[in-house]
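Any value given below was found using the heavy atoms of this structure, including those in side chains, with hydrogens, waters and symmetry copies removed. Just so it is clear: chains get the letters A, B, ... in the order the sequence lines come, proteins before strands, and each one is counted from 1.
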Amino acid sequence: MLLKIEKETMSRYNAKATEAKWQKIWTDAKIFKTDSTSTKPKYYVLEMFPYPSGRIHMGHVRNYTLGDVVARFRRANGYEVLHPMGWDAFGMPAENAAMERKVHPADWTYDNIANMRDQLKQVGLAIDWDREFATCDADYYGKEQQIFIDFYNAGLIYRKESWVNWDPVDNTVLANEQVIDGRGWRSGAVVERRKLSQWFLKITDFAEELLEGLGTLDRWPDKVRLMQENWIGRSEGLKFTFEISETGESLPVYTTRPDTLFGASFCAIAADHPLAAKLAEDNADLKAFIEDCRKTGTTEEAIEKAEKKGFDTGLTVKHPCDPDWKLPIYVANFVLMDYGTGAIFACPAGDQRDLDFARKYDLPVLPVVLPEGEDPASYTIGDEAYTGPGKMFNSRFLDGMETMAAKAEMIDRAEKEGWGERTINYRLRDWGVSRQRYWGTPIPFVHCDDCGVVPVPAEELPVKLPEDVSFDRPGNPLEHHPTWKHTKCPTCGGKAVRETDTMDTFVDSSWYFLRFVTPESDQPFDGDVVDQWLPVNQYIGGVEHAILHLLYARFFTRALNHVGRTQVKEPFEGLFTQGMVNHVTYKDAEGQWVFPEMVRSREDGSFFRSDNGLDVTEGRIEKMSKSKKNVVDPDDIIDQYGADTARWFVLSDSPPERDLLWTEAGIEGAWRFTQRVFRMVDAPSAAVAAVGAAVPESLSDSALALRKATHKTIVDITADIEALHFNKAVARLYEYANAIGAKVEGDGAAEVMREALETLVMLVSPMMPHLAEELWQKLGHKTLVAETPWPKAIVALTVDNTVKMAVQVNGKVRDTIEVAKDMPKDEVEKIALASEKVDRSLDGLTVRKVIVVPGRIVNIVAN
RNA sequence: GCCCCUGUGGCGGAACUGGUAGACGCGCCGGAUUCAAAAUCCGGUUCUUUCGGGAGUGUCGGUUCGAGUCCGACCGGGGGCACCA
């Protein structure tokens with residue numbers, strides 16, 4: 001009995017103690033410290049840095065494990081790897097905590113960082129922690145202010161009065177993208193519209209470059225490139241000017257469908273259009289209509305959306321091709337001031353919105369594009385506009401032309417006759433970065449009555465946030481602070497007031513990957529060193545950042561290039577977007593969400609709560625979220641199974657770009673494998689360590705089979721990791737473990753087994769680094785796995801000289817044959833036809849044709 | 001409404017450029033070990049069958065000697081969006 005217990009403990013792998021041990025050894029030896037000036041080939045792997053919310057979640061574990069496998073794999077393959085970590089530390093939750101719990105945002109943030117750093121370190125990541133910083137460090141945001149002033153001096157920053165989305169709860173301005181269904185994306189408050197003076201970054205100057213650059217990003221997911229392309233929204237069309245018949249004033253419009261100009265039926269302007277505002281001055285009804293449009297916001301839900309509304313101004317414009325043709329001007333709720341010129345001409349036959357509008361207000365609908373196969377005499381438009389291609393008709397000089405040709409012709413004519421021009425238009429708008437908040441980078445400017453807006457001189461940076469702030473009343477604490485904003489004008493020395501806006505936190509994350517390269521630089525970064533390390537070779541993060549963060553970071557890099565700080569143009573060479581981590585949801589009999597750890601199962605398969613015994617039912621599988629309580633805490637998992645098992649599980653089963661389903665059974669399976677690998681290597685380790693590394697020439701069949709498996713596995717795993725197909729790598733390692741478990745005996749068995757076990761340890765090491773170190777040591781090595789080169793396959797052992805081929809009769813597999821790899825087709829055919837099973841299937845049929853695809857298949861066609 | 005992606009056993013998923021569908025794992029079933037259990041090990045596991053086979057990758061059709069893979073239409077699931085002129 002005693003003996004048995006002892007055996008049990010000895011053969012069990014104690015993950016917790018072992019992991020702590022190796023983490024300390026790695027840290028003490030500083031083996032993950034990156035030498036920026038190394039002559040080795042460089043590899044920069046980066047995961048999107050976390051927001052310090054307080055605790056890590058499984059999504060973090062997945063994200064950082066993916067990156068860590070890449071980092072360790074590249075290190076083993078001879079690269080100098082840069083794999084840093086930092087904190088996206090500014091943002092509203094810290095201010096919310098300050099308001100709710102009377103804790104200073106800085107204290108809250110740095111406490112959270114300390115917690116999460118400890119948690120992340122337990123995952124065993126190969127990170128150079130010496131480069132760590134938080135964006136809320138004055139050192140970091142001071143450098144950001146420097147960049148901001150650079151951009152200002154380069155004309156990339158301007159201020160303008162503009163309509164903004166005002167969140168009345170957070171007392172802040174929201175970007176359009178941050179307004180979801182008319183509500184603030186964080187507070188959920190119904191958004192109002194206000195006019196404020198705002199700071200803007202001229203991202204639109206780079207619209208064309210950013211669009212073109214997408215073409216070079218061949219290691220980005222197509223999906224993300226497409227989303228950015230749509231976001232930039234380049235279109236080519238005609239910009240021309242209507243003359244208002246009654247006043248002679250001009251009204252510029254933009255259209256992508258100049259071909260349909262003869263189908264025009266009315267003209268519509270946005271509610272925010274200056275002309276609308278002017279007309280509303282002495283028209284109460286119009287004023288009310290405009291107010292109404294504003295209330296609905298720019299992105300309202302479907303039902304509200306569907307309702308096209310307009311207001312007839314009573315004015316008309318002259319058709320540019322026919323001064324006698326007058327079109328009424330409407331103010332319409334579906335025309336956007338931000339896009340094009342804020343005014344359109346409408347051709348109801350060719351645009352669904354225009355058609356809906358025309359039907360509602362009983363305006364003419366004249367078809368001008370004839371779809372193929374339709375008769376011009378009888379063709380009419382019902383409730384559906386025709387937006388496809390076709391031949392022009394009812395269109396005077398365009399009649400008979402194809403749509404594309406008609407477009408070009410109309411633009412050419414407009415340019416020749418001088419009433420319009422070919423114009424490229426973008427949907428992309430400039431980036432408003434002003435936030436009326438405390439916990440962000442102060443915009444480094446002062447307002448002087450005499451000198452206007454003046455940048456803070458470089459030697460006075462950083463403009464630090466004051467520490468003594470109060471969150472007792474709503475609004476921006478910087479505005480309320482008794483002294484902070486009062487300063488002297490850098491130009492004239494007179495009284496001046498600091499800008500109290502802080503920057504959008506997307507600014508912070510737009511250049512952190514550059515700071516990581518030279519975090520000690522007194523400049524934002526050392527351009528020469530950055531140019532050697534960038535672009536980031538592999539960037540990994542959530543697809544939710546597909547547009548904003550990634551587009552802003554691309555813009556920032558180009559802007560930094562523009563101001564001469566770097567040669568780099570595209571920051572991220574390879575992008576990988578991981579899927580979410582999901583879990584089933586549980587609800588008890590009272591309808592309350594239940595944490596998975598509180599769910600117990602009965603023998604009949606039903607569930608109950610461990611605390612109060614209430615019945616529990618399994619619900620949908622959803623993204624892990626605190627609100628639905630379908631979360632598992634990485635700390636608990638690591639405590640129970642160890643980091644390696646957790647890492648192994650998040651890498652297995654699902655392809656990393658897809659959602660991962662977290663299950664108890666899955667983590668148990670991973671844990672079993674961890675134990676199995678440990679036993680497989682541990683049990684024979686002493687004997688194996690004594691065996692020489694040299695494998696003899698002559699091997700028994702079973703030894704040769706294992707050796708071949710070893711070298712094939714090296715090739716496969718290497719390819720899988722390079723392609724980030726970690727789930728496949730995991731599957732192959734299971735297979736390889738099975739192969740090692742098979743009986744090996746005879747000549748060379750011991751040597752081949754040693755090679756196999758060492759290879760297994762190495763191949764597993766990027767995924768389960770602690771276990772690998774422990775086993776490596778047990779196999780008699782004094783060096784670290786983390787500093788051991790990746791195994792090299794002997795190519796000769798990875799090719800077989802025979803091959804199994806399927807033999808089909810009329811496309812159905814009847815038999816398999818094993819033939820020499822280079823056997824001529826006619827011999828293969830002979831062997832296939834000699835098969836008894838094939839012969840049986842051919843009974844009564846005549847062979848018409850035999851197709852032999854060498855190394856793959858034989859198909860016998862018969863009837 | 002528009003755009004994109006996706007659909008394979010009970011489940012997660014394999015299947016290179018069209019060439020043996022279901023690798024590997026989970027679950028389940030059986031066996032070994034154990035007083036018993038846990039753990040571990042071995043075997044089986046798409047469905048169906050008269051044990052010869054037959055059917056099968058969302059549905060229907062097409063191309064091909066051969067289709068999960070290519071083409072067309074439809075159905076389901078997921079994601080994105082901006083009423084973008």
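Base pairing of B:U45: its partner is B:G27, meeting the Watson-Crick or G-U wobble criterion (both donor-acceptor distances under 3.5 Å). Using N1 to N3 plus N6-O4 or O6-N4 for Watson-Crick, or N1-O2 and O6-N3 for G-U wobble, each under 3.5 Å, B:A14 pairs with nothing. Across all strands shown, B:C2 pairs with B:G80; the Watson-Crick or G-U wobble distances both stay below 3.5 Å.
Here A:Asp351 lies out of heavy-atom contact (under 4.0 Å) with every strand. Contacts of A:Arg427 with the nucleic acid, taken as non-hydrogen atoms under 4.0 Å apart, include base atoms. Here A:Arg840 lies in heavy-atom contact (under 4.0 Å) with sugar-phosphate atoms only. Among the atoms of the strands shown, none is found under 4.0 Å from any heavy atom of A:Val253. Within the nucleic acid shown, A:Arg225 has no heavy atom closer than 4.0 Å to any nucleic acid atom.
Atom pair A:Ile857:CD1 and B:G66:P shows a separation of 12 Å (rounding to whole Å applied). Atoms OH (A:Tyr330) and P (B:A85) sit 23 Å apart, rounded to a whole Å. As a whole-Å value, the separation of A:Trp220 CH2 from B:C4 P is 20 Å. For the pair A:Ile851 CD1 and B:U20 P, the computed distance is 14 Å after rounding to whole Å. If you measure from atom CD of A:Gln228 to atom P of B:C3, you get 21 Å, rounded to the nearest angstrom. Spacing between atom CG of A:Asn738 and atom P of B:C26 amounts to 10 Å, rounded to whole angstrom units.
Separating the P atom of B:C74 from that of B:G68 is a span of 23 Å, rounded to the nearest Å.
Listed nucleotides: B:A85, B:G27, B:C24. Nearest to the side chain of A:Arg672: B:G27. The side chain of A:Thr255 lies closest to B:A85 when the candidates are B:G54, B:A85, B:G19.
For B:A55, the OP1/OP2 oxygens have a side-chain nitrogen or oxygen of A:Lys812 closer than 4.0 Å. Side-chain N/O atoms of A:Tyr254 include none lying less than 4.0 angstrom from OP1 or OP2 on B:A85.
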Quick one: which protein N/O atoms are closer than 3.5 Å to N/O atoms of nucleotides 42-49 of chain B? Pair and distance per line, please.
none

Could you list the protein-to-nucleotides 11-13 of chain B atom pairs, N/O on both sides, closer than 3.5 Å?
unit_1	atom_1	unit_2	atom_2	d
B:G12	O2'	A:Ser654	OG	3.1
B:G12	N2	A:Asp653	OD1	3.4

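Base orientation at B:G76 is anti, since its O4'-C1' glycosidic dihedral falls outside 90° of 0. In this structure, B:G52 shows a glycosidic angle within 90 degrees of zero, which is the syn conformation.
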